[in-house]
Amino acid sequence: MNRNLKALKRMIRDQELTMPDEELFLSSAFQRHQTSLAQAATGRYRNGLQVIMEWKAEPEAAVAYTDNYRIHCNAANPITQSFPSRYLRSQSLTGLTGHEIGHLRYTDFVSLGLFLGSLQNGAFYPAAPSFSKVAYQAHLQEAQEAMEKKEEEKNAACLVLANCSRTLSNVLEDVYIEARMCEAFPGVFRQGILLNNLRFSEQMPSIEEQLENKYNDFSIVANLIIQYCKAGNINNPSGYSGPYLDYLEECIPYIEDSIYADDIKERFHAANHILMILWDYIKPLIEKMEEKLKESSESEAAESLAEMLGEEIKGGTPLPSGAGGRTPKNVPAGKKEKDKKSLPPGSPKSRQEEMEEIQEVVQEEGGRIDLVKTSTILDGDNPGVTYNHQYAGSGYEKAASDLFDILNSVASEKAEEQYQQEMTEKLQKAANDIHYGDAHKGIHMTVNRIQKVDEAMIAGYESVAPALLKASKRLQASLLSLLQEEAKGGVQKNLIYGKRLDTHALYHQDGTLFMRTRLPDEEPKLAVALLVDESGSMSWGSRITHAKKTAIVLYDFCRSLGLPITIYGHSTDDTGVALYSYAEFDSVDNTDCYRLMDMSGRDGNRDGAALRFVAEHLYRQTAKKKLLIIISDGQPADYGYYGTEAEADLRGIKREYEKKGITLFAAAIGDDKENIQRIYQNGFLDITDLEDLPKHMTLLVKQYLKE
């Protein structure tokens, strides 16, 4: 047993070291962990929320999204996979989960749909922007005129403004909900969100790179806005100081005012104002859209624009290794930054400090790795928003141990499946190597063993076992002291014969004057095998149910006392004899008790082949005594195997293994008790009341333990 346990532990360790991310992150254990985090964060708002982990390595695959009932996270996304350690990659995925939870808790999707729909229909929602600068007033007037211009019910300006506003409103909303999540959950969610933002900002191409790749002007400024919102700085290693930064400076006051506001309309106002500030950069897109509309439908033209913006704003090349400029020159300060004493959560300075803090975490885990940019998707529909300002949150400091536990759980499960597979293969080989005699010549033997116990079996066992095991526990108590004494060894006194005289016993009149030292006994006193007939007739009169109850009690009784036990069922199938391995002598995964729930009435019964296999299996055990118990309801019944020849085969097997030190008993639970008694003779047990079957079998084992 110890050797097998060490082998299993070695398998688990090997699995931990070699298990790929895909297997770990798609495991039910990791999925349950993410789901528990999500449910804890949304329990008051979103009952039944589930996190679904996916593995999609395609560049266009979504990183994460929610449909209001489930959160989908793509564990293969390049941001997550860029981190140097599995711990950081798991934190990144938790950050994605936290991001989507933020949308579920704080985003008003109905209002967002109204905002985007209004622009597409030629109107600003909730109101048109207003400016004090004459230049921007002119932009607004020009934009409104363009929105009123229509060609065959198609309006290029409305389509372009709706697409551009989607980009701007999404990034503003992302920053808002992430700030709220970091405030409400300053532990694992905050760290994951900040890790992802760090990578997101690091991979952004510099302004020069964007110009070299011929990004359109709107995309370049949008990328600057995203970097500023995410990290409080931009990637500007060369110190660029041209007009794009001037436009960013004009946008910052509206950005800062909106990303701290609980009312989503403030972010709509900000997006509308930014659209008009960037009007000169949007007009070329409108001109291209007008040309596109002449040769394609409105939906095709809109899709083409969305693809172009998506490639430029969400794409780009990663930073070169060791590139500088994380705190760039000429980044204008927002008006919120001027108030040094009262910085709101997520302000530029706070965001820069957070990025420096999270960089230290990454550096502790390994070298910095560049990555390819991606982003989450804003999706779904939510009829309301609840923001609890009074919730203080709680830090979660067990993220690393959680991941280790999950990894160990998944590795253990996989190793146990591998162990069970290897065990089945060994049993099948043993079955193939046994000579079954002429009565079973040409008969194929198949050993069946469930590799992984499902939840239904566990639930079934736990519902019936407590009542059954009470009798087992009482019988165990009467034998436990005896077995413990034998296992420990010690001095045995009051013996009639011996080499050592006990001087303290010289007054005894019965001659018990000797003593000896007994060494601890490591060899089991008794090994037990149970073979259950699973022929179709066992289904009648609840016979198989009582056999299953007996197996449950006997298994618990033996395992609790440290006695080796194996339990098999047998029937026939299309290929020959079918053996069902429920409990094995050297099983170490503690799930054999659940496998017993699979016991059922099946087909025929070729008892001789099954009996020989289990008897040989028991014979190889190193116990002092070996007890084989058969539970059956009738005679052998298989094609070419019945009647007097089959009975003679069984009697011959019984005699053969009795000579090898195996005691065999057959418990008859059906109407063929006379036939079973004729077959097994002095090994026959008459069980009239099926309710007493578990007790009788356990008492039989107890009797042989005491001898």
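What you see is a predicted model; the values in this text were computed from it and never measured.
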Walk me through it: do Phe115 and Arg267 pass the test side-chain contact (heavy atoms from CB on, under 4.5 Å)? CA-CA 10 Å; Phe115 165 67; Arg267 286 179 285 287; over 6 Å; no
Please determine whether side-chain contact (heavy atoms from CB on, under 4.5 Å) holds for the pair Thr97 and Cys73, giving the CA-CA distance in whole Å, both sets of side-chain angles, and the decisive distance to 0.1 Å. CA-CA 7 Å; Thr97 300; Cys73 290; 3.6 Å; yes
From CA spacing to verdict: side-chain contact (heavy atoms from CB on, under 4.5 Å), Ile207, Leu211: CA-CA 6 Å; Ile207 298 174; Leu211 289 171; 4.2 Å; yes
Where do Tyr281 and Tyr244 land on the ring-ring contact (aromatic ring centres under 6.0 Å, His included) test, with the steps shown first? CA-CA 10 Å; Tyr281 289 162; Tyr244 297 122; 5.7 Å; yes
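Residues satisfying the side chain to side chain donor-acceptor pair (under 3.5 Å) criterion with Glu208, sequence neighbours excluded, are Ser238. For the ring-ring contact (aromatic ring centres under 6.0 Å, His included) test, no residue two or more places apart in sequence or in another chain qualifies with His269. Residues satisfying the side chain to side chain contact (heavy atoms under 4.5 Å, CB included) test with Glu300, not counting sequence neighbours, are Ser296, Ser297. With sequence neighbours left out, Asp21 forms a side chain to side chain contact (heavy atoms under 4.5 Å, CB included) with Phe25, Trp55, Gln81, Arg86, Arg89.
Remark: side-chain polar atoms of Gln31 are paired, donor with acceptor, to backbone N or O of Met53 under 3.5 angstrom. For His139 (side chain) and Met276 (main-chain N/O), a donor-acceptor pair under 3.5 Å exists by modelled atom type. Side-chain N or O atoms of Thr80 include none that pairs as donor or acceptor with a backbone N or O of Ala76 at under 3.5 Å. Checked by atom type and distance alone, the side chain of Ser219 never pairs as donor or acceptor with a backbone atom of Tyr215 at under 3.5 Å. Glu209 places a side-chain N or O within donor-acceptor distance of the main-chain N or O of Ser206, the cut-off being under 3.5 Å. Not a single donor-acceptor pair under 3.5 Å links the side chain of Arg180 to the backbone N or O of Val175. In this structure, Asn155 contributes its side chain and Ala146 its backbone to a donor-acceptor pair below 3.5 Å. The main-chain N or O of Gly102 is never found under 3.5 Å from a side-chain atom of Glu178 such that the two would form a donor-acceptor pair. Put simply, the side chain of Gln50 never gets that close to the backbone of Tyr69: no donor and acceptor are under 3.5 Å apart.
Two residues are said to be in side-chain contact when any heavy atoms from C-beta on lie closer than 4.5 Å; Ile255 and Pro253 fail this criterion. Between Glu256 and Ile259, the closest side-chain pair of non-hydrogen atoms falls below 4.5 Å. The shortest distance between side-chain heavy atoms of Met181 and His99 does not fall below 4.5 Å. At least one side-chain heavy atom of Leu119 sits less than 4.5 Å from a side-chain heavy atom of Leu275. Residues Leu309 and Phe218 are in side-chain contact: their nearest non-hydrogen atoms beyond the backbone lie under 4.5 Å apart. Side-chain contact between Leu96 and Asn77 is present, with at least one heavy-atom pair separated by less than 4.5 Å. No side-chain heavy atom of Tyr106 sits under 4.5 Å from any side-chain heavy atom of Asp262. With a 4.5 Å cut-off on side-chain heavy atoms, Asp108 and Lys265 do not count as touching.
Considering CD of Glu298 and CE of Met289, their distance stands at 8.5 Å, rounded to 0.5 Å. Glu142 contributes atom CD, which lies 11.0 Å from atom CD1 of Ile282 (distance to the nearest 0.5 angstrom). Atom CG in Asp67 sits 9.0 Å away from atom CG in Leu104 (nearest 0.5 Å). Between Leu172 atom CG and Ile177 atom CD1 the span is 12.0 Å, to the nearest 0.5 Å. Distance check, rounded to the nearest 0.5 Å: CZ of Phe268 to CG of Leu112 gives 5.0 Å. Considering CG of Leu37 and CG of Leu49, their distance stands at 11.0 Å, rounded to 0.5 Å.
Between Gln210 and Pro205, the shortest heavy-atom distance links the atoms NE2-O, 3.1 Å. Considering every non-hydrogen atom in both Thr35 and Val51, the closest pair reads OG1-N, 3.0 Å. For the residue pair Ser92 and Asn196, the shortest heavy atom distance occurs at OG-OD1, 2.6 Å. Shown here for Ala156 and Glu290, the closest heavy-atom pair between the two residues is CB-CG, 3.4 Å. Residues Phe30 and Ser90 approach most closely at CE1-CB, 4.1 Å, considering heavy atoms. When all heavy atoms are compared, the tightest approach of Cys251 to Ile225 is SG-CD1, 4.4 Å.
Residues Glu266 and Ser258 bring no donor and acceptor atom of their side chains to less than 3.5 Å of each other. One side chain, Glu173 or Thr107, offers a donor N or O that lies under 3.5 Å from an acceptor on the other. Side-chain contact of Asn197 with Lys230: a donor-acceptor pair under 3.5 Å is present, judged by distance alone. Residues Asn121 and Ser118 have side chains that never bring a donor and an acceptor to within less than 3.5 angstrom of each other. Side-chain contact, Ser28 with Arg32: a donor N or O sits under 3.5 Å from an acceptor N or O.
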Just list the side-chain donor-acceptor pairs under 3.5 Å for residues 124-138, sequence neighbours left out, or say none.
| residue | atom | partner | partner atom | Å |
| --- | --- | --- | --- | --- |
| Lys133 | NZ | Glu250 | OE1 | 2.9 |
| Lys133 | NZ | Glu250 | OE2 | 3.1 |
| Tyr136 | OH | Glu250 | OE1 | 3.3 |
| Gln137 | NE2 | Phe131 | O | 2.7 |

Quick one: side chains of residues 159-168, donor-acceptor pairs under 3.5 Å with protein atoms, not counting sequence neighbours, listed by atom name and distance.
| residue | atom | partner | partner atom | Å |
| --- | --- | --- | --- | --- |
| Asn163 | ND2 | Leu159 | O | 2.9 |
| Ser165 | OG | Leu161 | O | 3.0 |
| Ser165 | OG | Ala162 | O | 2.8 |

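Using a cut-off of 4.0 Å between Lys/Arg side-chain N and Asp/Glu carboxylate O, Glu202 and Arg199 are scored as salt-bridged. The pair Lys56-Glu54 counts as a salt bridge, with a side-chain nitrogen and a carboxylate oxygen less than 4.0 angstrom apart.
Geometrically, Arg190 does not engage Phe185 in a cation-pi contact defined by less than 6.0 Å to the ring centre and at most 45° from the axis.
For Lys288, the NZ atom is loosely surrounded, since the number of other residues' heavy atoms within 6.0 Å does not exceed 12.
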